[in-house]
Amino acid sequence: MISLEDYQSIIGKRNIKQIKSLARLYRGKKIIMVNSTKDGGGVAEMLHRLVPLLNELGINCRWEVINGNNGFFNITKNIHNALQGKRIKFSNEDLEKFIRVNKENAKSINLDADMVIIHDPQPLPLVDFYPKNKTKWVWRCHIDMSRPDLSLWKFLRKYLMEYNASIFSIAKFSKILPHPQYLIAPSIDPLSGKNRELSSKEIEGVLKTFNIVRDKPIILQVSRFDSFKDPIGVIKAFRIVRKEINCRLILAGGLASDDPEGEMVLEEVKKEARGDPDIHILLLESKSDIKINALQRVADVVLQKSLKEGFGLTVTEAMWKEKPVIGGEVGGITIQLHNHRTGFLVNSIEGAAYRIRYLLNRPSVSYKIGNQAKKFVSQNFLITRHLRDYLALFYILGNPGKDIIYIGKSKKNFGS
Ligand code: UDP
């Protein structure tokens with residue numbers, strides 16, 4: 001079991017002390033996180049790490065997952081897609097079902113707490129089915145809300161009016177809402193199986209499992225099979241590059257239980273790959289942390305060619321491993337990759353192909369960018385920073401009007 005003290009070697013004693021002092025201000029309070037899947041995707045990834053750490057810090061934090069059948073998750077996936085800008089028409093029955101399933105969940109999930117944090121739109125309407133008491137309700141939006149479908153947004157906004165605050169990953173996603181909005185960037189856990197150092201034996205073991213030979217440069221994208229991650233665009237970019245440079249492509253990803261579209265996208269990807277022996281399509285099971293870690297470590301270039309992206313933890317994970325990352329210029333990827341400094345942003349298949357070639361032909365540039373990328377992640381996107389942001393938020397929401405937090409004995413300003 002990883003404990004907060006274990007992060008000291010990465011972030012230093014002073015930062016650990018700050019986190020503990022902040023946590024003291026909210027110790028003994030009860031927080032409940034709610035989302036729609038235990039496995040698959042970035043939200044589950046983060047909750048698996050944040051919830052135990054909050055408990056270790058003396059905050060009583062529980063994680064609940066709403067239930068629903070395939071019909072429900074088809075609707076919520078469409079809601080997710082429409083909020084990310086896809087044109088989708090919702091029937092009244094769909095929207096009624098979306099609300100009804102939330103109402104049924106409310107009967108079995110006890111959300112009596114000081115604060116309830118609802119992740120993403122799937123459980124958003126739950127707020128309507130609980131008594132209005134002391135509980136603070138916070139909506140934590142992880143998706144790319146730069147251009148949501150407006151009629152759907154209007155519908156969901158009714159429920160959001162009942163919340164006390166919202167959290168977005170980047171400023172561009174914020175909306176006009178009648179409550180305070182906070183910006184909290186997601187994070188990775190440097191000590192998890194997905195991000196810790198691996199021995200060469202562990203890495204070779206993974207490559208053997210997947211029959212991957214390291215005889216030529218490896219280009220990698222790790223993602224759920226989702227059209228917003230543009231796996232077809234990745235294959236097309238790879239084909240352009242391969243005309244000049246002999247290389248391999250690995251597309252690795254799994255299916256999330258709240259994403260019924262995954263299998264269809266996977267089939268499209270297989271069709272596009274046309275049995276090409278240099279294109280490895282790896283369907284990962286839910287507990288594939290070491291495998292993903294190893295694949296990211298052997299890659300020469302990592303892609304995240306998303307067309308929409310709330311944040312893109314896969315980008316952060318690869319940057320942490322000092323890889324040069326090329327990402328779509330969308331959503332949260334734009335606060336991680338800064339051209340020629342921490343990675344590259346692209347807007348087309350040709351652009352992606354150009355940057356892959358550029359990096360494969362310049363190992364010293366790849367090395368320098370990878371180096372800077374790791375530093376940038378360690379300063380901005382580690383779980384300890386995330387924990388500190390949450391703790392500050394708990395305090396601020398629990399103490400309206402107090403926007404300066406004094407911690408420890410010195411009463412020094414902790415920061416604004
Ligand atoms: N991931 C995983 N298995 C997979 C695909 C992705 O464990 O088959 C992980 C990935 O390593 C990352 C997270 O799930 O930690 C995906 O987060 P991201 O923000 O990149 O995308 P999301 O899936 O949330 O849209």
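These numbers come from the heavy atoms of this one structure, side chains and all, not from hydrogens, waters or symmetry mates.
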Evaluation steps, side chain to side chain contact (heavy atoms under 4.5 Å, CB included), between I167 and V138:
CA-CA 7 Å; I167 308 172; V138 179; 3.7 Å; yes

Closest contact, heavy atoms only, [X] versus [Y]:
| X | Y | value |
| --- | --- | --- |
| G351 | S348 | N-OG, 2.9 Å |
| V127 | Y159 | CG1-O, 3.7 Å |
| I118 | W139 | O-CD1, 3.3 Å |
| Q8 | I16 | N-CD1, 3.8 Å |
| V65 | S36 | CG1-C, 3.6 Å |

Test your reading of the model: is there a side-chain donor-acceptor pair from [X] to the backbone of [Y], 3.5 Å cut-off?
| X | Y | value |
| --- | --- | --- |
| D6 | S3 | yes |
| T135 | A113 | yes |
| N293 | G193 | yes |
| S288 | K291 | no |
| N60 | K29 | no |
| Q372 | I369 | no |
| K136 | A165 | no |
| K368 | S366 | no |
| R355 | G327 | no |
| N55 | C61 | yes |

Donor-acceptor pair between [X] and [Y] side chains, under 3.5 angstrom:
| X | Y | answer |
| --- | --- | --- |
| S151 | D149 | yes |
| W63 | N35 | yes |
| N15 | Y7 | no |
| N102 | Q122 | no |
| R385 | S378 | no |
| S223 | Q304 | yes |
| Q296 | K321 | yes |
| S166 | H179 | yes |
| Q84 | D144 | no |

Are K77 and D259 close enough, and set up right, to give a salt bridge (Lys or Arg N to Asp or Glu O under 4.0 Å), and what steps lead you there?
CA-CA 6 Å; K77 186 65 205 281; D259 179 3; 3.2 Å; yes

The side chain to side chain contact (heavy atoms under 4.5 Å, CB included) partner of D300 among L220, I356, L359, L360 is L360

Among T316, V315, L313, which one satisfies side chain to side chain contact (heavy atoms under 4.5 Å, CB included) with F381?
T316

Would K132 count as a cation-pi partner of W137, with NZ or CZ less than 6.0 Å from the six-membered ring centre and within 45° of the ring normal?
no

Taking the six-membered ring of F228, is NZ or CZ of K86 closer than 6.0 Å to its centre and within 45° of its axis?
yes

Between [X] and [Y] (salt bridge meaning N to carboxylate O under 4.0 Å), is one present in this structure?
| X | Y | result |
| --- | --- | --- |
| E5 | K20 | yes |
| D278 | R242 | yes |
| E272 | R239 | yes |
| D39 | K287 | yes |

Checking side chain to side chain contact (heavy atoms under 4.5 Å, CB included) for the pair I188/E45: CA distance, chi angles, key distance, verdict?
CA-CA 8 Å; I188 58 160; E45 177 78 18; over 6 Å; no

Who passes salt bridge (Lys or Arg N to Asp or Glu O under 4.0 Å) against E267, sequence neighbours left out?
K270

Run the numbers on N81 and I88 for side chain to side chain contact (heavy atoms under 4.5 Å, CB included), then give the verdict.
CA-CA 8 Å; N81 289 344; I88 295 171; 3.7 Å; yes

For the atom pair [atom1] ([X]) and [atom2] ([Y]), what is the distance rounded to the nearest 0.5 Å?
| X | Y | atom1 | atom2 | result |
| --- | --- | --- | --- | --- |
| L382 | S187 | CG | OG | 7.5 Å |
| S169 | I184 | OG | CD1 | 9.0 Å |
| L337 | I326 | CG | CD1 | 9.5 Å |
| M319 | T314 | CE | OG1 | 11.0 Å |
| R357 | I240 | CZ | CD1 | 7.5 Å |

Inspect the surroundings of [atom1] in [X] and state if more than 12 heavy atoms from other residues, nucleotides or ligands are less than 6.0 Å away.
| X | atom1 | result |
| --- | --- | --- |
| E268 | CD | yes |
| R147 | CZ | no |
| K89 | NZ | no |
| K103 | NZ | no |
| Y367 | OH | no |

Determine, stepwise, if the pair K308 / D226 fulfils salt bridge (Lys or Arg N to Asp or Glu O under 4.0 Å).
CA-CA 11 Å; K308 291 278 177 175; D226 178 324; over 6 Å; no

Assess the residue pair H338 and F376 against the criterion (ring-ring contact (aromatic ring centres under 6.0 Å, His included)); give the C-alpha distance rounded to whole Å, side-chain angles, the decisive distance to 0.1 Å, and a yes or no.
CA-CA 10 Å; H338 300 286; F376 193 60; 5.3 Å; yes

Would you please test F173 and L183 for side chain to side chain contact (heavy atoms under 4.5 Å, CB included) and show each step?
CA-CA 9 Å; F173 300 160; L183 290 180; over 6 Å; no

Hey, can you tell me if F155 and F98 have their rings parallel, tilted or perpendicular (30° and 60° cut-offs)?
tilted

Determine the interplanar angle of the Y390 and H386 rings, folded into 0 to 90°, and report it as parallel if under 30°, tilted if 30 to 60°, perpendicular if over 60°.
parallel

Is the F394 to Y26 ring centre distance short of 6.0 Å?
yes

Does the pair K229 and E309 meet the rule for a salt bridge (Lys or Arg N to Asp or Glu O under 4.0 Å), with working shown?
CA-CA 8 Å; K229 311 284 184 184; E309 192 62 76; 2.9 Å; yes

Evaluate the salt bridge (Lys or Arg N to Asp or Glu O under 4.0 Å) criterion for residues E202 and R196: first the C-alpha distance (whole Å), next the side-chain angles of each, then the deciding distance (0.1 Å), finally the verdict.
CA-CA 12 Å; E202 285 173 299; R196 70 165 169 82; 2.8 Å; yes

